[in-house]
There are 2 protein chains.
Amino acid sequence: MKRVTMADVAKEAGVSKSTVSQYLNQRYEFMGEKTKKRIEEAIGKLGYQPNMVARSLKQKSSTTIGVIVANISHEFSTRIIQAIEAQFHQADYHVIVCNAEDKPEKEKKYIDMLLAKQVDGLIIFPTSTNVNVYNELNLQDFPLVFLDRSVPEVDVPTIMLDNKQAACLAVQELYQKGYEMLGILTNSTEYNVTPRVERIEGFKQACRKYGLPVQEKFIQGVALENMTEKIHSIMIGEDPPDALVAGNDLVLMEILTYARDHHLRIPEDLAIIGIDDISFASIYNPAITTIAQPVEKMGHKAATLLISKIAKQKQTQDEIVRFPATLISRSSC
Amino acid sequence: MKRVTMADVAKEAGVSKSTVSQYLNQRYEFMGEKTKKRIEEAIGKLGYQPNMVARSLKQKSSTTIGVIVANISHEFSTRIIQAIEAQFHQADYHVIVCNAEDKPEKEKKYIDMLLAKQVDGLIIFPTSTNVNVYNELNLQDFPLVFLDRSVPEVDVPTIMLDNKQAACLAVQELYQKGYEMLGILTNSTEYNVTPRVERIEGFKQACRKYGLPVQEKFIQGVALENMTEKIHSIMIGEDPPDALVAGNDLVLMEILTYARDHHLRIPEDLAIIGIDDISFASIYNPAITTIAQPVEKMGHKAATLLISKIAKQKQTQDEIVRFPATLISRSSC
DNA sequence: ATGAAAGCGCTAACAA
DNA sequence: TTGTTAGCGCTTTCAT
């Protein structure tokens, strides 16, 4: 497994390394046709492959960026990563994806590793606890973009859903369908994760707007492990809600599982709307109404934003870009 | 954004670069306590972060491996990638994931890019058309492992499902539930993609074993775009099958969508078993029986195998490791 | 116990 | 038009 280097090509072609380098970097301007041809042949004959590591060392750019996702198990995460990857692939960048599993220490560790690998930029779904780390990066003018969540203390361009509007859309739909006592369930709000907090807030605002009662006991941010239990306590109480908003795909699964296990008919016994349009919502029986994030657009935007930051094109950047959610109305409510 | 180098640390600590390097690589043996302390302090003070690119250039190892997945849109792909990533993370490797989108040219391009980046190894879901490329890698003793699909012409360790057994399991379950006319649908078999071909083969063998009729018209490998049409032609024909095996998750979605649109009751009008246990199968109404791949085990095995290959520990390696599928029986059939 | 120096494969002035 | 040379930041003999 011996690698062919530029020197080998140079020797084979009877020219110097620099000439080969010129050739590889398309600086043909002052290059003789015959030289070009000979280098071309030498490369072909030896099966030369440039060594990006050496190139990176010199150029101080790895044409690689890192994505640190808070939790890969949401369909939203994998889908937006695909969109991001597609965009960077076009720009000839590679993407290293890291899953922080909602753990700030892991996030920190990944940031360090990625920086050590000289990535040219970072897209982070921030856990909020590493504020000093983010600020440090920012101070050094390191290309950084936040996704999905915002960190008020840090001045970094952020791509996220208009969460309040999303929750509002859900409430509106339920209101219009005639439901009167709504609830919303999200993952734990312990760490003030933006989407959860904002969706709950939007939910409340919308309820007030439509004159619906706001029952705190039906508005819960609770860890997934305890979700079933929480749902149960809500549903067996006096005057249970007639409609529930699922804060994300995983919560939706919990609710559907509960509904099935307890023979709740959807939407007769309980109407459901899920925030995040997941693949099976449309084929579920009955089809589940959802609030969709414009995932591709968001991934695309995050990627192009980072690319432009890397290119130092200090183009005017809105600090936070909020994308609108759309309602995908189906039979479940 | 000025990076601190080893030279800076050396100066700050009043020692030479080599000593700092020793320190970083834990070669403390002959190092004075005071020197150690001073280097430690200098690193802390300057906030030094080693440059992995420089290190990689010297060491000829990037502590990065590449995974080229044939098609990321299968839940199987994303889940097994997670398992692989988890394993490499433990070994302090980074993983670059590339999606070949079932296109051999893209696969080839990714292989070249990853090699240029000096990845230490590759896990590939092979498209079969790049046989010469695989052989070249193999010839050079480049650490390579195949996943999900085998390539007969190439002698590379391969981790895959025991596809025949999987299909057999599906048929057995349907047979035992009393179904008599079975069919199986997979993605296009045009390129002889191992799982599709083998699942069909296993299906046929099992049907014969149980004395069930083998109707070629109910055994189809067809592109996803044309799946609905194909299902329709099968179901409206004379004596349609009373049970269908879905070759993978995407096919299952197609069948379920069709069933819903045409008001086929499951399992009364049509029983269904899906190969690949996807998250929503259990909460579907009715719950869908599936054949599960031991995804985590497979990812783990692929990763450890590659790691051991990288470590040149020429441990005895079975050329192809086939993992058994398991039946997850639910109400749908 | 620590330092000097060579070199990994490439790029980019600057010479020629 | 092409070659010479000096690094990029690190590791690793080999001296000292």
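Below, chain A is the first sequence line, B the second, and so on; all start at residue 1. Values reported hereafter were calculated over all heavy atoms of this structure, with side chains retained and with hydrogens, waters and symmetry mates removed.
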Under 4.0 Å between a side-chain nitrogen and a carboxylate oxygen: does that hold for B:Asp102 and B:Arg149? yes
One thing to verify: whether A:Lys103 and A:Glu105 come together as a salt bridge, which I'm taking to mean a side-chain N less than 4.0 angstrom from a carboxylate O. no
Compare side-chain N and O positions of [X] against OP1 and OP2 of [N] and report whether any pair is under 4.0 Å apart.
X	N	result
B:Thr5	D:dG9	no
B:Lys60	C:dG9	yes
A:Arg55	C:dT11	yes
B:Thr19	C:dT2	no
A:Ser21	C:dC10	no

Which of residues 46-54 of chain A sit near DNA chain C, with a heavy atom under 4.0 Å from it? A:Tyr48, A:Pro50, A:Asn51, A:Ala54
Nearest whole angstrom, please: distance from the [atom2] of [N] to the [atom1] of [X].
X	N	atom1	atom2	answer
B:Asn25	D:dT12	CG	C1'	10 Å
B:Lys36	C:dT2	NZ	P	11 Å
B:Lys34	C:dA1	NZ	C1'	9 Å
B:Lys117	C:dG9	NZ	C1'	16 Å
B:Met6	D:dC8	CE	P	13 Å
A:Glu33	D:dT2	CD	P	10 Å
B:Gln59	C:dG9	CD	C1'	15 Å
B:Gln118	C:dC8	CD	P	14 Å

Looking only at the side chains, is there a donor atom on one of B:Thr19 and B:Ser16 sitting less than 3.5 Å from an acceptor on the other? yes
Can you see whether A:Arg55 engages A:Asn25 through a side-chain donor-acceptor pair at a distance of less than 3.5 angstrom? yes
What nucleic acid atoms does A:Ser56 come within less than 4.0 Å of, heavy atoms only: base, sugar-phosphate, or nothing? nothing
Do the side chain of A:Lys17 and the base of C:dG9 come within less than 3.5 angstrom through a donor-acceptor pair of N or O atoms? no
Presence of donor-acceptor pair under 3.5 Å, side chain of B:Lys58 and base of C:dG7: yes
For side-chain contact (heavy atoms from CB on, under 4.5 Å), just list the numbers for B:Gln293 and B:Met298, CA-CA rounded to whole Å, side-chain angles, deciding distance to a tenth of an Å, and then say yes or no. CA-CA 8 Å; B:Gln293 302 198 42; B:Met298 292 170 74; 3.6 Å; yes
Would you list the pairs meeting side-chain hydrogen bond (donor to acceptor under 3.5 Å, both in side chains) in which at least one residue belongs to residues 41-50 of chain B, sequence neighbours left out? B:Glu12-B:Lys45
Sorted by position of nearest nucleotide on DNA chain C, 5' first, the leading residue of A:Leu24 and B:Val15 is B:Val15
Sorted by chain and residue number, the salt bridge (Lys or Arg N to Asp or Glu O under 4.0 Å) partners of A:Asp120 (sequence neighbours excluded) come out as none
Please list every donor-acceptor pair under 3.5 Å in which a side-chain atom of residues 121-130 of chain A meets a protein atom from a residue at least two apart or in another chain.
residue	atom	partner	partner atom	Å
A:Thr127	OG1	A:Glu107	OE1	2.9
A:Thr127	OG1	A:Glu107	OE2	3.4
A:Thr129	OG1	A:Thr127	O	3.2
A:Asn130	ND2	A:Pro104	O	3.0
A:Asn130	ND2	A:Glu107	OE1	2.7

Evaluation steps, side-chain contact (heavy atoms from CB on, under 4.5 Å), between B:Asn187 and B:Val193: CA-CA 9 Å; B:Asn187 278 5; B:Val193 178; over 6 Å; no
Over the length of the helix from C:dA1-D:dT16 to C:dA16-D:dT1, how much do the five-pair end axes diverge, rounded to 10 degrees? 40°
Taking only nitrogen or oxygen atoms into account, show me every contact under 3.5 Å that the protein makes with nucleotides 13-16 of chain C, one pair per line with its distance.
none

Between B:Tyr93 and B:Phe88, how do the two ring planes meet: parallel, tilted or perpendicular, split at 30° and 60°? perpendicular
I'd like to know if the side chain of B:Ser62 and the backbone of B:Gln118 have a donor-acceptor N/O pair within less than 3.5 Å. yes
Between B:Lys117 and A:Thr64, does a side-chain hydrogen bond (donor to acceptor under 3.5 Å, both in side chains) hold up when you go through it step by step? CA-CA 10 Å; B:Lys117 287 218 168 150; A:Thr64 301; 2.7 Å; yes
